[in-house]
Enquirer: 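The structure under discussion is supplied below as structure tokens; questions concerning it will follow.
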Amino acid sequence: MSAEEASLRPERILDLSERLSVVAGQKIGEISTVNRAAKMLAINALIVAARAGEAGKGFAIVAEEFKKISTQIDEVAGALESQVRADLDELTAIGGAILSHLRGQRLADLALNAIEIIDRNLYERTCDVRWWATDSAVVDCAMAPSREASDYASQRLKVILDAYTVYLDLWICDAAGRVIASGRPDKYRGVQGASVANASWFQEALRTKSGDDFAVADIARQRLLDEAPVATYATAIREGGQAKGKVIGVLGVHFDWRPQAQAIVDGVRMTDEEKARSRVLLLDQNHRILAASDGQGVLTDSFKLDTSHGTMGSYAQGDRTIGYALTPGYETYKGLGWYGCLVQRQAVDTPLPVVAERAVDNVLRLKA
């Protein structure tokens with residue numbers, strides 16, 4: 001970070017507040033010290049004048065006036081102390097509020113960016129599945145299943161998988177829910193012939209009204225794909241590949257969730273120092289952890305997110321600031337009610353409560 005960038009950090013508000021309190025304390029302390037010495041001189045002068053009798057009367061008058069001036073200086077210093085204390089308290093409070101707001105807003109913005117990236121990514125998956133369901137090899141395989149049709153369709157699906165590395169596998173299912181072709185039959189040997197009739201994505205895809213519609217399942221581990229976590233998108237395969245054609249099967253595409261989601265939470269733009277004290281999360285509509293920059297609790301734990309601040313916001317929780325944003329959707333993809341979320345601990349070198357406490361302590365020591 002350059003010197004110019006460092007001087008523009010919001011934390012500078014509190015740095016300057018603390019510095020001002022130190023300087024004010026030192027200078028008013030110096031005034032008090034000098035004034036105490038002046039008072040002692042005035043008192044000594046009065047004593048000497050009294051001893052001098054008639055000859056010291058004139059000097060006594062000067063010493064008395066000097067004592068009065070010293071008292072006035074005390075009053076000015078006390079008033080200055082009181083005003084500085086009030087102003088520093090207010091400055092610290094305002095600085096802390098501004099810093100907290102800026103920090104929270106930035107985390108919320110980063111959370112929004114993360115969820116927008118995943119939305120755009122998943123929007124493409126909805127386009128893919130609806131497009132590939134109209135491929136002639138896919139339609140022919142579902143229309144008239146045979147060994148030859150399944151083998152050819154599998155070859156076509158493999159070509160797609162070789163180009164679209166974000167998928168683990170693509171499945172063609174007949175109307176009864178039996179997988180009749182897949183893109184990686186050599187790798188996932190238990191897929192072809194398996195039944196997915198009870199899978200929510202299959203049932204929802206069968207019920208789609210046209211080729212423009214699609215179904216999506218929650219992120220889950222797929223037993224037939226070696227328990228890998230996947231985002232499954234599906235749509236009906238229709239007669240003739242027509243949007244309003246009769247439903248003859250279902251195409252399911254299994255998005256390789258773990259590496260894609262991890263790349264997003266790891267790729268949030270922060271400094272190394274910020275990353276060391278931050279946790280980036282993707283949460284589903286029930287706040288279940290879908291991805292985490294620290295890899296903890298994925299698909300097993302939930303995060304207690306307070307969304308009372310609206311669809312996008314931030315709040316403090318102990319020494320942590322939490323920023324979040326609800327999915328805004330992308331194009332025709334409305335999203336699934338997911339959240340981007342950042343949890344960030346306060347920096348060790350700029351703990352807000354400690355800085356504020358120091359500022360107040362310095363003010364209280366002004367007359368020490």
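FYI, side chains are in, hydrogens and waters are out, and symmetry mates aren't considered; it's all heavy atoms of this structure. The shown structure was predicted, so the numbers you read here are calculated from the model rather than taken from an experiment.
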Enquirer: Are any side-chain N or O atoms of Arg130 and backbone N or O atoms of Asp212, one a donor and one an acceptor, separated by less than 3.5 Å?
Expert: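 Yes; at least one donor-acceptor contact below 3.5 Å.
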Enquirer: Picking from Leu170, Val191, Leu157, Leu161, what satisfies side-chain contact (heavy atoms from CB on, under 4.5 Å) with Arg184?
Expert: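 Considering Leu170, Val191, Leu157, Leu161, a side-chain contact (heavy atoms from CB on, under 4.5 Å) with Arg184 is found only for Leu161.
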Enquirer: Counting only N and O atoms by type, is there a donor-acceptor contact under 3.5 Å from the side chain of Gln262 to the main-chain atoms of Ala292?
Expert: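 Side chain of Gln262 to backbone of Ala292: a pair is present.
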Enquirer: Indicate whether any N or O donor in one side chain lies under 3.5 Å from an N or O acceptor in the other, for Gln105 and Asp109.
Expert: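 The answer is yes; a qualifying pair exists.
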Enquirer: From the options Val216, Val166, Ile219, select the one residue that forms a side-chain contact (heavy atoms from CB on, under 4.5 Å) with Phe255.
Expert: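 For Phe255, the side-chain contact (heavy atoms from CB on, under 4.5 Å) check succeeds only for Val166.
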Enquirer: Determine whether a donor-acceptor pair (N or O, by modelled atom type, separation under 3.5 Å) exists between the side chain of Ser195 and the backbone of Arg178.
Expert: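 No; zero donor-acceptor contacts below 3.5 Å.
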Enquirer: Give a yes or no on whether Ile115 and Trp257 share a hydrophobic cluster (residues Ile, Leu, Val, Met, Phe, Trp, Tyr; joining criterion: side-chain heavy atoms under 4.5 Å apart).
Expert: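 Ile115 clusters together with Trp257.
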Enquirer: Walk me through it: do Val250 and Leu206 pass the test side chain to side chain contact (heavy atoms under 4.5 Å, CB included)?
Expert: CA-CA 7 Å; Val250 165; Leu206 280 182; 3.7 Å; yes
Enquirer: With under 30° as parallel and over 60° as perpendicular, where do the rings of Tyr164 and Trp132 fit, or are they tilted in between?
Expert: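 Ring orientation, 0 to 90° scale: perpendicular.
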Enquirer: Of all the heavy-atom pairs spanning Gly245 and Arg238, show the shortest one and how long it is.
Expert: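 Closest pair (atom of Gly245, atom of Arg238, distance): O-NH1, 3.0 Å.
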Enquirer: Does Met143, at its CE atom, have more than 12 non-hydrogen atoms belonging to other residues, nucleotides or ligands within less than 6.0 Å?
Expert: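 It does not: Met143 CE has 12 such atoms or fewer within range.
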Enquirer: With a sphere of 6.0 Å drawn around CZ of Phe303, does it hold more than 12 non-hydrogen atoms of other residues, nucleotides or ligands?
Expert: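 For Phe303, atom CZ is crowded (more than 12 foreign heavy atoms under 6.0 Å).
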Enquirer: Between Arg125 and Asp128, is there a salt bridge with N-O shorter than 4.0 Å?
Expert: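 A salt bridge is present here (some side-chain N lies under 4.0 Å from a carboxylate O).
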Enquirer: Are Leu305 and Met312 connected into the same hydrophobic cluster when the rule is that any two of I, L, V, M, F, W, Y join if their side-chain heavy atoms are below 4.5 Å apart?
Expert: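 As far as the 4.5 Å side-chain criterion goes, Leu305 and Met312 are connected within one cluster.
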Enquirer: Test your reading of the model: is there a side-chain donor-acceptor pair from Glu116 to the backbone of Thr327, 3.5 Å cut-off?
Expert: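 No, Glu116 side chain to Thr327 backbone: no donor-acceptor pair under 3.5 Å.
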Enquirer: Trp338 and Gln285: side chain to side chain contact (heavy atoms under 4.5 Å, CB included), yes or no, with the steps?
Expert: CA-CA 5 Å; Trp338 292 359; Gln285 65 274 22; 3.5 Å; yes
Enquirer: For the pair Tyr315 and His309, name the ring-plane relationship: parallel under 30°, tilted 30 to 60°, perpendicular over 60°.
Expert: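 The rings of Tyr315 and His309 lie parallel, inter-plane angle below 30°.
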Enquirer: Sequence neighbours left out, what passes side-chain hydrogen bond (donor to acceptor under 3.5 Å, both in side chains) with Trp171? Give chain and number order.
Expert: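 For Trp171 the side-chain hydrogen bond (donor to acceptor under 3.5 Å, both in side chains) partners, ignoring immediate neighbours, are Asp169.
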Enquirer: Near Lys158 NZ, under 6.0 Å, is it more than 12 heavy atoms from other residues, nucleotides or ligands?
Expert: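 No, NZ of Lys158 has 12 or fewer neighbouring heavy atoms, counting only those of other groups under 6.0 Å.
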Enquirer: Just by distance, do the side chain of Asn286 and the backbone of Arg288 share a donor-acceptor pair under 3.5 Å?
Expert: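 Pair absent, no side-chain N/O of Asn286 close to backbone of Arg288.
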Enquirer: Just checking, is any N or O donor in the side chain of Arg106 or Thr321 under 3.5 Å from an acceptor N or O on the other one?
Expert: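 Result is no, nothing qualifies.
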Enquirer: State plainly whether the residues Asp213 and Lys209 are in salt-bridge range, i.e. N to O under 4.0 Å.
Expert: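 No, Asp213 and Lys209 are not salt-bridged.
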Enquirer: Within a reach of under 6.0 Å around CZ of Arg279, are more than 12 heavy atoms found that belong to other residues, nucleotides or ligands?
Expert: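 Buried by this count: over 12 neighbours within 6.0 Å.
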Enquirer: Of all the heavy-atom pairs spanning Ala234 and Trp201, show the shortest one and how long it is.
Expert: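 Closest approach of Ala234 to Trp201, heavy atoms only: CB-CE3, 3.6 Å.
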Enquirer: Any donor-acceptor pair under 3.5 Å linking the side chain of Ser150 with the backbone of Ile180?
Expert: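 Yes; at least one donor-acceptor contact below 3.5 Å.
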Enquirer: Kindly give the heavy-atom pair with the smallest separation between Ala153 and Cys141, and that separation in Å.
Expert: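 Ala153 and Cys141 have their closest heavy atoms at CB-CB, 3.8 Å.
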Enquirer: Checking Glu331 side chain against Tyr333 main chain: does a donor-acceptor pair fall under 3.5 Å?
Expert: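 Not at all, since once roles are kept as given, no pair shorter than 3.5 Å links the two residues.
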Enquirer: If hydrophobic clusters are built from ILVMFWY residues whose side chains come within less than 4.5 Å, do Tyr233 and Val179 share one?
Expert: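 As far as the 4.5 Å side-chain criterion goes, Val179 and Tyr233 are not connected within one cluster.
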Enquirer: Among the clusters formed by ILVMFWY side chains lying less than 4.5 Å apart, do Tyr339 and Leu342 turn up in the same one?
Expert: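 Tyr339 clusters together with Leu342.
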Enquirer: Please find the pair of heavy atoms, one from Ala205 and one from Ala236, that lie closest to each other, and give the distance.
Expert: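 Scanning both residues completely, I find the closest heavy atoms to be O-CB, 3.5 Å.
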Enquirer: Salt bridge check, Glu273 against Arg277: does any charged N sit closer than 4.0 Å to a carboxylate O?
Expert: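 Counted as a salt bridge, because a side-chain N and a carboxylate O are separated by less than 4.0 Å.
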